[in-house]
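Here is the structure we will look at.
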Amino acid sequence: MTTSLHRTRRPVLPSMLKHGLLLLGALVMLYPLLWMLSSSFKPETIIFKDLGLIPRPFTLEHYVSGWTAIGVPFSRFYVNSFIISGLSVAGTVLSCALAAYAFARLDFRFKRLWFALMLGTIMLPYHVTLIPRYIMFFQLGWINTILPLTVPHFFAVSSFFVFLIVQFIRGLPRDLDDAAAIDGASEWQTFWRIVVPLATPALVTTAIFTFIWSWDDFFSQLLYLNRITSYTVSLGLRAFIDSQDRSSFGPLFAMSVISLIPAFVIFIVAQQQLVEGVSRTGLKG
Amino acid sequence: MSRELRRNLVAYAFLTPWLLGLLIFSAGPILASAYLSLTRYDLLSPPEWRGLTNYVVMFTRDPRFAKALQVTANYVLVSVPLQLALALAIALVLNRGIRALSLYRAIYYLPSLLGGSIAIAILWRQVFGLDGLINRALSLIGIQGISWIATPETAVYTLVLLRVWQFGSPMIIFLAGLKQIPREFYESAEIDGAGRWNRFWRITLPLLTPIIFFNLVLQIISAFQTFTQAFIVSGGTGGPVNSTLFYTLYLYQQGFSAFNMGYASALAWVLLGIIGGLTLVAFLSSKYWVYYES
């Protein structure tokens with residue numbers, strides 16, 4: 001009797017201690033981010049002197065001066081990034097869903113071979129195909145366009161997501177497919193009307209991670225875009241570092257904060273999807 | 001048209017985008033890259049056959065290659081274990097039916113989500129710079145700090161910290177793994193009088209080894225390909241004194257600054273070999289330490 005009482009009652013002190021430590025840890029983790037946010041509102045002269053998180057005095061000057069600091073307004077980079085990320089998401093979701101439906105629900109010759117190849121390309125480092133892809137895009141005259149960054153996404157090059165969606169579709173009951181087939185629905189109708197709506201969670205996960213990856217991408221953008229008007233947010237920020245003298249971090253911080261907004265919005269809105277995506281598949285974010 | 005043929009045609013119609021992608025963007029480039037790695041090629045004149053020369057040069061006469069390999073290996077060996085240990089420790093604390101679990105989980109995950117961006121690399125450059133946040137804090141207790149990113153001995157460790165800071169995503173994977181361990185195991189162990197420490201070593205850890213293994217492989221592969229942060233912190237040079245010359249940064253320099261595209265292709269194949277080799281070692285060793293329920 002006493003032991004069971006002992007076991008159900010939560011010890012107050014260790015629990016508070018634990019929460020205290022966890023909160024402290026969370027603060028340490030978030031401190032650099034919060035400090036950057038707050039510094040972006042502080043006058044340049046106190047940024048480095050002030051370790052505090054409340055900007056006093058408060059100024060918006062860095063946002064104003066940062067916006068146009070390298071000649072082309074930051075809004076341009078934002079639009080460019082959105083176009084590239086948006087097209088990448090649309091292409092990846094569509095092409096990966098098509099392939100995944102075939103692998104999960106249809107029967108065809110050489111299915112196992114293709115499936116094995118699909119798995120094989122998941123772990124392939126991007127660098128092995130990098131140089132020939134660059135040469136190909138160079139010869140097509142695609143350098144300095146968004147095509148090298150978007151077109152491959154329409155051909156399901158992120159096989160990882162094909163696999164993710166295949167796994168998800170396999171987990172869906174087949175009853176609805178069968179019922180649709182009896183009603184005379186074609187494979188296309190079954191795919192579009194039944195499987196796609198049911199597979200929405202997997203498609204949303206695919207969309208979220210594709211968006212964040214292409215938004216944060218730096219390597220390929222660095223290779224393929226070298227005209228300042230076609231710069232993305234990543235490239236704009238990088239050019240900004242080079243143009244600044246080392247002592248003025250205010251505008252750089254302001255634009256960095258702006259660049260993080262989309263990922264942060266996704267974090268707030270789709271937290272559950274993110275956590276599930278990571279725990280189910282090991283996606284990094 | 002026979003039903004058999006029709007069925008195949010329909011399936012291949014669905015598969016077409018992926019199949020074309022496989023041929024045009026993966027299989028073709030892989031073969032081309034294997035060929036280019038045996039040539040000298042600068043994008044403008046036709047490739048010139050060199051046999052295995054690129055590989056021989058790499059392993060015998062290229063000190064920057066050796067340096068890049070050493071820098072990257074050191075980075076992987078230090079950062080991945082630290083990151084996973086922290087991820088596991090916090091996951092264990094969070095797993096005990098704690099209140100506000102989802103809040104903590106979200107906060108600890110945020111750096112993983114934002115960490116790949118240029119913005120965070122810029123922040124890091126500032127935080128560990130000469131008049132950065134760290135030195136400012138140190139000066140409060142009377143210590144005069146150095147520029148951590150401009151000092152060859154410390155530069156790479158600022159990047160190690162950046163990876164460790166992103167322990168949130170492996171932590172989420174550990175949490176998911178911990179949830180799978182049946183409660184009864186602990187209950188019967190407790191009845192048998194096993195203490196907390198014993199329960200961790202005898203139950204939690206063995207049952208978690210598949211997840212540890214998964215995280216390990218995943219993080220090694222991703223750590224080996226670190227590029228953006230090293231590029232931003234060192235201004236694209238891999239400096240100071242090549243101390244942040246990560247492997248992929250060196251590959252980028254060879255391919256796209258020096259336009260040694262044959263050599264860069266050879267570097268890519270060696271990278272594939274290393275990553276494949278490490279994964280293979282992990283898999284082969286797994287039967288000695290990874291516990292699979294049969």
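All heavy atoms count here, side chains included; hydrogens, waters and symmetry mates do not. Throughout, a chain's letter reflects where its sequence line sits, starting with A, and its residues are numbered from 1.
By the 4.5 Å heavy-atom criterion applied to side chains, B:Leu15 and A:Phe108 are counted as neighbours. At a threshold of 4.5 Å between non-hydrogen side-chain atoms, the residues B:Leu44 and A:Phe138 count as touching. Using a 4.5 Å heavy-atom cutoff, the side chains of A:Phe155 and B:Leu19 are not in contact. Contact of the B:Trp165 side chain with the A:Met29 side chain is registered, since non-hydrogen atoms from C-beta on lie closer than 4.5 Å. Between A:Leu260 and B:Ile120, the closest side-chain pair of non-hydrogen atoms falls below 4.5 Å. By the 4.5 Å heavy-atom criterion applied to side chains, A:Trp114 and B:Tyr12 are counted as neighbours. Taking the side chain as every heavy atom from C-beta outward, B:Leu140 and A:Leu51 approach each other to under 4.5 Å. Looking only at side-chain heavy atoms (C-beta outward), B:Thr279 and A:Met123 stay at 4.5 Å or farther from each other.
Contacts of B:Leu133 with chain A are made by both backbone and side-chain atoms, with heavy-atom separations under 4.5 Å. When heavy atoms are compared at a cutoff of 4.5 Å, A:Leu252 approaches chain B solely by way of its side chain, counted from C-beta outward. Heavy atoms of A:Val157 lying under 4.5 Å from chain B belong exclusively to its side chain. For chain A, the nearby parts of B:Ile24 are the backbone and the side chain; heavy atoms of each come within less than 4.5 Å. For a residue to count as touching a neighbouring chain, one of its non-hydrogen atoms must lie under 4.5 Å from one of that chain's; by this rule A:Leu106 touches chain B with the side chain only. In this structure, chain A has no heavy atom under 4.5 Å from any part of B:Leu31. Interface remark: B:Leu272 contributes backbone and side-chain atoms alike to the contact with chain A (heavy atom separation under 4.5 Å). B:Ala137 touches chain A through backbone and side chain together, each having a heavy atom under 4.5 Å away. The part of A:Leu223 that comes within reach of chain B is its side chain, from C-beta onward, which places non-hydrogen atoms under 4.5 angstrom from that chain. Of the two parts of B:Leu94, only the side chain, counted from C-beta on, holds a non-hydrogen atom closer than 4.5 Å to a non-hydrogen atom of chain A. For B:Leu175, no part lies near chain A; criterion is any non-hydrogen pair under 4.5 Å. Looking at A:Val162, only its side chain comes within 4.5 Å of chain B, counting heavy atoms on both sides. With a 4.5 angstrom heavy-atom cutoff, B:Tyr41 touches chain A only via side-chain atoms. If you measure heavy-atom distances from A:Trp35 to chain B, the contacts under 4.5 Å come from the side chain alone. Proximity to chain A is limited to the side chain of B:Phe231, based on heavy atoms less than 4.5 angstrom apart. The contact between A:Thr121 and chain B is made entirely by side chain atoms (from C-beta outward), counting heavy-atom distances below 4.5 Å. Of the two parts of B:Leu251, only the side chain, counted from C-beta on, holds a non-hydrogen atom closer than 4.5 Å to a non-hydrogen atom of chain A. With a threshold of 4.5 angstrom between heavy atoms, A:Ile266 does not approach chain B through any atom at all. Only the side chain of B:Phe167 comes within less than 4.5 Å of a heavy atom of chain A; its backbone N, CA, C and O stay farther away. Of the two parts of A:Phe267, the backbone and the side chain both hold a non-hydrogen atom closer than 4.5 Å to a non-hydrogen atom of chain B. Contact of B:Ile221 with chain A is made through the side chain alone, with heavy-atom distances under 4.5 Å. Only the backbone of A:Phe154 comes within less than 4.5 Å of a heavy atom of chain B; no side-chain atom from C-beta onward does. For a residue to count as touching a neighbouring chain, one of its non-hydrogen atoms must lie under 4.5 Å from one of that chain's; by this rule B:Ile275 touches chain A with the side chain only.
B:Glu4 and A:Arg109 are not joined by a salt bridge, as no carboxylate oxygen comes within less than 4.0 angstrom of a charged side-chain nitrogen.
The distance from the CG atom of A:Leu98 to the OG1 atom of B:Thr16 is 9.0 Å, given to the nearest 0.5 Å. Between the CG atom in A:Leu130 and the CG atom in B:Leu267 there is a gap of 11.0 Å [rounded to 0.5 Å]. Taking CZ from B:Arg136 and CG from A:Asp50, the interatomic distance works out to 9.0 Å, rounded to the nearest 0.5 Å. Taken to the nearest 0.5 Å, the CG atom of B:Leu103 stands 10.5 Å off from the CG atom of A:Leu22. The CG atom of A:Leu274 lies 11.0 Å from the OG atom of B:Ser169; values are rounded to the nearest 0.5 Å.
The residue among A:Pro152, A:Ala100, A:Cys96, A:Ser186 with the most heavy atom pairs within less than 4.5 Å of chain B is A:Pro152. If you tally non-hydrogen atom pairs under 4.5 Å between each of A:Met136, A:His19, A:Met255 and chain B, the highest count goes to A:His19. Of all the listed residues (A:Leu222, A:Val257, A:Leu117), the one sharing the greatest number of non-hydrogen pairs under 4.5 Å with chain B is A:Leu222. Chosen from A:Met118, A:Gln271, A:Arg105, A:Lys111, the residue pairing most often with chain B at heavy-atom distances under 4.5 Å is A:Met118.
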Requested in this report: Would you please test B:Gln126 and A:Met36 for side-chain contact (heavy atoms from CB on, under 4.5 Å) and show each step?
Outcome: CA-CA 10 Å; B:Gln126 198 290 321; A:Met36 174 162 76; over 6 Å; no
- Report the C-alpha distance between A:Phe240 and B:Ile122 in whole Å, list the side-chain angles of each, state the deciding distance to 0.1 Å, and finish with yes or no for side-chain contact (heavy atoms from CB on, under 4.5 Å). CA-CA 10 Å; A:Phe240 202 170; B:Ile122 286 174; over 6 Å; no
Trace of the ring-ring contact (aromatic ring centres under 6.0 Å, His included) decision for B:Phe256 with A:Tyr134: CA-CA 10 Å; B:Phe256 299 95; A:Tyr134 184 88; 4.8 Å; yes
side-chain contact (heavy atoms from CB on, under 4.5 Å), that's the test. Do B:Ile118 and A:Asp216 meet it? Break it down for me.
CA-CA 7 Å; B:Ile118 299 286; A:Asp216 278 349; over 6 Å; no
Chi angles and distances behind the side-chain contact (heavy atoms from CB on, under 4.5 Å) call for B:Phe14, A:Phe103:
CA-CA 9 Å; B:Phe14 277 96; A:Phe103 281 127; over 6 Å; no
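Side-chain atoms of A:His127 and B:Tyr252 form no donor-acceptor pair, as typed in the model, at a separation below 3.5 Å.
Around the CH2 atom of A:Trp192, the shell of radius 6.0 Å holds no more than 12 heavy atoms that belong to other residues, nucleotides or ligands. Atom OH of A:Tyr31 has more than 12 neighbouring heavy atoms from other residues, nucleotides or ligands inside a 6.0 Å radius.
Proximity of a side-chain donor or acceptor of A:Ser279 to a complementary backbone N or O of B:Ile173 within less than 3.5 Å is not detected.
The aromatic rings of A:Phe137 and B:Phe25 lie tilted to each other, with the angle between the two planes from 30° to 60°.
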